[in-house]
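Worksheet: one structure, shown below.
Just follow the structure's listing: the first ligand is 1, and inside any ligand the first atom is 1.
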Amino acid sequence: MSWQEKLDHYMTGLEKRNPGEPEFRQAVYEVAASIFPFIEDKPIYHEAQIMERMAEPDRIITFRVCWEDDQGNIRVNRGWRVQNNNAIGPYKGGLRFHPTVTQSILKFLAFEQTFKNSLTGLPMGGGKGGSNFNPKGKSDNEVMRFCQSFMTELDHYIGADMDVPAGDIGVGAREIGYLFGQHKRLTKEFTGVLTGKGMEFGGSLIRVEATGYGAVYMMASMLECNGESLEGKTVCISGSGNVATYATEKINQLGGKVVTLSDSSGFIHDPEGIDAEKLAFVVDLKTVKRGRISAYADEYTSASFYAGERPWSIACDLAIPCATQNEINEKDAQNLLKNGCIGISEGSNMPTEQAAVDLFQQAKILFAPSKAANAGGVAVSGLEMSQNSARIAWKEDELQLMLKDIMQKIHDQCAEYGRESDTHVNYLKGANIGGFIKVADAMLAFGVL
Ligand code: NDP
């Protein structure tokens, strides 16, 4: 069988075993399409069924989460933890609270996380979890009661050397505080069982900035390899949460101009650029006032708000999607290319649909996939785990250097495995192969598990 036939056979089996899970299928295909040609002349990985084993989570835990709202009504949500693979370290990956959360989405995220964590070079396996709970519009007390109930169940399955969750969409500093408090109360122990913690209780400096900063460092490294820099570049960013705001901050610091931000209600376009003062307005709007991005256009007359649309029709040199999965479709990719976009760094997880990825690949623009581009967050989470275990706290400048160094090494691994000619690196292929090798070789060492 050729590698293409093996890939087709593999995907047919995967779809049969995982019906109705399109996001999971998409994520596995994106990796498998790079790995099957790479292992064509390496039979040991085929004989050991490594790809089959990697796409079968170690376990998936689901549980009921009951809580009481402020009116005294009983509410019921579903919670999950997908423990995908712990070949190279404890399961590690965020928790997502959003009404669109399904098992398929968490399986795709846990699968991706396994490769991403491997790329960081730190000892972390892959996992992901969350709930279909919607924190939007809930009072702090409702969020607290939900988090306490969620942790009461999750607590059976996590531990500092077993599984270390973190934040993701809908799980920020407030939620991590409530979750950690409940864990501490249940176990009577103070260990680094969650990352993204507050600085008062074991958090790490630069964790909040790390994902957005890292996605920009990745872009800067790709540009540098092509004799370019961020200086003077116009950048479209989506989202207005943690990743989007810190990506904007770093672009500003490195001399670029960010002209868009968005949320699930639409996007704003500010041709004059979103400078530090305007960004502070966005952070206050989204994290303190918990408002909508349209308020930006009410505040700044230079900006327009486009309801229900995504920012990819706006002309830019570079795009950094930072909202959610599948937020760039084929038409968006055509628009970006037509308007002269030369680079994409995926801040959010799997933001680009397969047809759009194909277009970027054919156009040979700089394309950093999320498992490489947004690995800065989990890398600093890994450093938070190290600090907690050693009961130390590194200084900000030390951590900044470590983050930059890890992102550069991720870039270099992608370049090593993805170089296709003197002038072109396929970063997608490079990230997949770079992430695969370490996990696969560890699995081989353990025998049949
Ligand atoms: P936040 O919850 O802080 O922000 C998410 C942003 O995306 C909000 O602006 C939100 O808008 C928007 N959004 C969410 N869902 C949708 C949707 N269906 N359509 C349009 N917009 C949407 O999350 P983060 O910034 O932490 O995460 C963003 C992405 O980055 C996710 O894919 C996450 O998995 C990924 N990521 C995050 C890391 C981190 O360290 N935080 C690490 C690695 C990856 P609204 O306010 O309307 O909900």
Between Arg207 and ligand 1, is there a nitrogen or oxygen pair with a distance under 3.5 Å? yes
Got an N/O contact under 3.5 Å between Gly239 and ligand 1? no
Is it true that Lys138 and Asp70 have a side-chain N and a carboxylate O under 4.0 angstrom from each other? no
Within the side chain of Lys286, is there an N or O that forms a donor-acceptor pair under 3.5 Å with the backbone of Ser240? no
For ligand 1 and Lys128, I'd like to know whether there is a polar contact (N/O to N/O, distance under 3.5 Å). no
Going by the atom numbers of ligand 1, which of them fall below 4.0 Å from some non-hydrogen atom of Asn374? 43 (C), 44 (C)
Got the closest protein heavy atom to atom 48 (O) of ligand 1, with its distance? Lys136 NZ, 2.9 Å
Students should be able to answer this: which protein heavy-atom is nearest to atom 17 (C) of ligand 1, and at what distance? Thr324 CG2, 3.5 Å
Donor-acceptor under 3.5 Å (Glu327 side chain, Ala323 main chain): yes
Which protein non-hydrogen atom lies closest to atom 2 (O) of ligand 1, naming both residue and atom, and how far is it? Gly170 N, 3.2 Å
Looking at Asp270, Asn252, Thr248, which hits side-chain hydrogen bond (donor to acceptor under 3.5 Å, both in side chains) with Lys278? Asp270
Do the ring planes of Tyr306 and Phe267 sit parallel (below 30°), tilted (30 to 60°) or perpendicular (above 60°)? parallel
To check your reading of the model: name the closest protein heavy atom to atom 42 (C) of ligand 1, its residue, and the distance in Å. Thr211 OG1, 3.3 Å
Quick check: does any side chain N or O of Asp317 sit under 3.5 Å from a backbone N or O of Cys341, one acting as donor and the other as acceptor? no
Could you see which bit of Ser370 sits under 4.0 Å from ligand 1, with heavy atoms only: side chain, backbone, both or neither? neither
Contact check, Gln325 vs ligand 1, heavy-atom distance below 4.0 Å: no
For a salt bridge (Lys or Arg N to Asp or Glu O under 4.0 Å) with Lys107, tell me which candidate from Glu112, Glu56, Glu21, Glu23 qualifies. Glu21
Would Arg174 and Tyr178 count as a cation-pi pair here, with the cationic atom under 6.0 angstrom from the ring centre and within 45° of the axis? no
closest protein heavy atom to atom 29 (C) of ligand 1 is Ala323 O, 3.3 Å
Taking the side chain as C-beta and beyond, is there a heavy-atom pair between Tyr157 and Arg81 under 4.5 Å? no
Would you say Ser262 contacts ligand 1, with heavy atoms under 4.0 Å as the rule? yes
May I have all residue pairs that pass side-chain hydrogen bond (donor to acceptor under 3.5 Å, both in side chains) and include part of residues 375-394, sequence neighbours excluded? Thr195-Ser381, Lys197-Glu384, Lys197-Asn388, Ser204-Gln387, Arg207-Ser381
Within a distance under 4.0 Å of any heavy atom of Gly347, pick out the atoms of ligand 1 and give their elements. 30 (O), 35 (C), 44 (C)
among protein heavy atoms, the one nearest atom 9 (O) of ligand 1 is Ser240 N, 2.9 Å
Under 4.0 angstrom from ligand 1, any heavy atom of Arg96? yes
Glu30 with Lys371: basic N within carboxylate O range, under 4.0 Å: yes
Note the single closest protein heavy atom to atom 46 (O) of ligand 1, along with its residue, its atom name and the distance in Å. Lys286 NZ, 3.1 Å
If the plane angle is over 60° it's perpendicular, under 30° parallel, otherwise tilted; pick one for Phe150 and Phe97. perpendicular
among protein heavy atoms, the one nearest atom 26 (O) of ligand 1 is Asn242 CB, 3.8 Å
Proximal ligand 1 atoms for His98, defined as those under 4.0 Å from one of its heavy atoms: 15 (N)
Contact between Asn349 and ligand 1, counting heavy atoms under 4.0 Å? yes
